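Here is the structure we will look at, set down as structure tokens.
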Amino acid sequence: MTTDGPERVPDVVGARVDPPGSVAEALAVQERLRPLVDLVGPGPAEPATVAGLDVAYAESGDRLAAAVTVLDARTLAVVDSAVSVGRPAFDYVPGLFAFRELPALLDALDRLTVRPEVLVCDGHGLAHPRRFGLACHLGVVTGLPAIGVGKTPLLGAWAPPADRRGAWTPLRDGDEVVGRVLRTRDGVKPVFVSVGHRVSLDNATARVLALTPRYRLPETTRTADRLCRDALAAAAPG
DNA sequence: GCGACAG
DNA sequence: ATCTTGTCGC
């Protein structure tokens, strides 16, 4: 316990996922886990910490770096972070995107020393064909409240929200409201917010706005993005 | 049948 | 996701 390497606190999250062996298997996993999504819990209205997760890929596509940054929810200062370098765990298939990044993201979460109160994911939650996007998957597997923030839609119909920051319109899949199209900056392309796990859509919206005092994307996503890009570059010398 | 399709 | 030049605007 006094050897090499940084301190590591086990079980901050403690979740593990085995990659599916086929598309059919992946679909079955989603079917099995979908009922476990908590759509009720409004989640923490004033969390002390918020985590951002993101992944960067090598151009060869055979290597990736997952990063998680934990921010003080009030000051938006980074208070903890972790990365995990590895390989994509699944081919990219729209609707099955989570299986690609989940193992690396969970590994990064396990390396944290602070247990975040909310996860802000780079991808959709309920705004998914089977209502089980990456944010739902991460939420269910970790048990943590989770929010999905996508840069582009995966599905749904919507009307453009007013140009001012804070304006939003419902994102609908048929008769269901699966998320919100939220303007985080005046006159800038909106983002797509959806519930992941244990958070209401209202709280998710408020949280995203609190994380975007200056840029279109949440500070959580921005800090995680920078971290995984740097880690990827540092991990693979020519 | 055709196009669209988180990252 | 990643590649990729210039360009408009603060």
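Keep in mind that this is a model prediction, so the values were computed, not measured.
- With rounding to the nearest 0.5 angstrom, the CG atom of A/Leu232 is 11.0 Å from the CG atom of A/Leu227.
- Under 4.0 Å is where a charged nitrogen must lie from a carboxylate oxygen, and between A/Lys151 and A/Asp122 at least one such pair does.
- As a whole-Å value, the separation of A/Leu53 CG from C/dA1 C1' is 16 Å.
- Within 6.0 Å of the CG atom in A/Asp91, the count of heavy atoms belonging to other residues, nucleotides or ligands does not exceed 12.
- The existence of a salt bridge linking A/Arg74 and A/Glu46 is excluded, since no basic side-chain nitrogen approaches an acidic carboxylate oxygen closer than 4.0 Å.
- Within the model, atoms OG of A/Ser200 and CG of A/Leu39 stand 11.0 Å from one another, a figure rounded to the nearest 0.5 Å.
- Annotation: A/Asp186, atom CG; neighbour count of heavy atoms from other residues, nucleotides and ligands within 6.0 Å is above 12.
- Remark: DNA chain B takes part in no stem of 3 or more antiparallel Watson-Crick or G-U pairs, criterion distances under 3.5 Å.
- A salt bridge is defined here as a Lys NZ or Arg NE, NH1 or NH2 lying under 4.0 Å from an Asp or Glu carboxylate O, and A/Arg226 with A/Asp230 fails to meet this definition.
- A 6.0 Å sphere centred on CZ of A/Arg130 holds more than 12 heavy atoms belonging to other residues, nucleotides or ligands.
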Please write out the pairs of protein N or O atoms and N or O atoms of nucleotides 5-7 of chain B separated by less than 3.5 Å, giving the distance to one decimal.
residue, atom, partner, partner atom, Å
B/dA6, OP2, A/Tyr92, OH, 2.3
B/dA6, O4', A/His124, NE2, 3.4
B/dA6, N7, A/Gly95, N, 3.3
B/dA6, N6, A/Gly95, O, 3.2
B/dA6, N6, A/Phe97, N, 3.3
B/dA6, N6, A/His128, NE2, 3.4
B/dA6, N1, A/Leu134, N, 3.1
B/dA6, N3, A/His124, N, 3.1
B/dG7, OP1, A/Lys151, N, 2.8
B/dG7, OP2, A/Thr152, OG1, 2.9
B/dG7, O3', A/Asp122, OD2, 2.9

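- Between A/Asp80 and A/Arg115, none of the side-chain N atoms (NZ, or NE/NH1/NH2) sits under 4.0 Å from a carboxylate O, so this pair counts as no salt bridge.
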Please write out the pairs of protein N or O atoms and N or O atoms of nucleotides 7-10 of chain C separated by less than 3.5 Å, giving the distance to one decimal.
none

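- With respect to the salt-bridge test (charged N to carboxylate O, under 4.0 angstrom), the residues A/Arg183 and A/Asp163 qualify.
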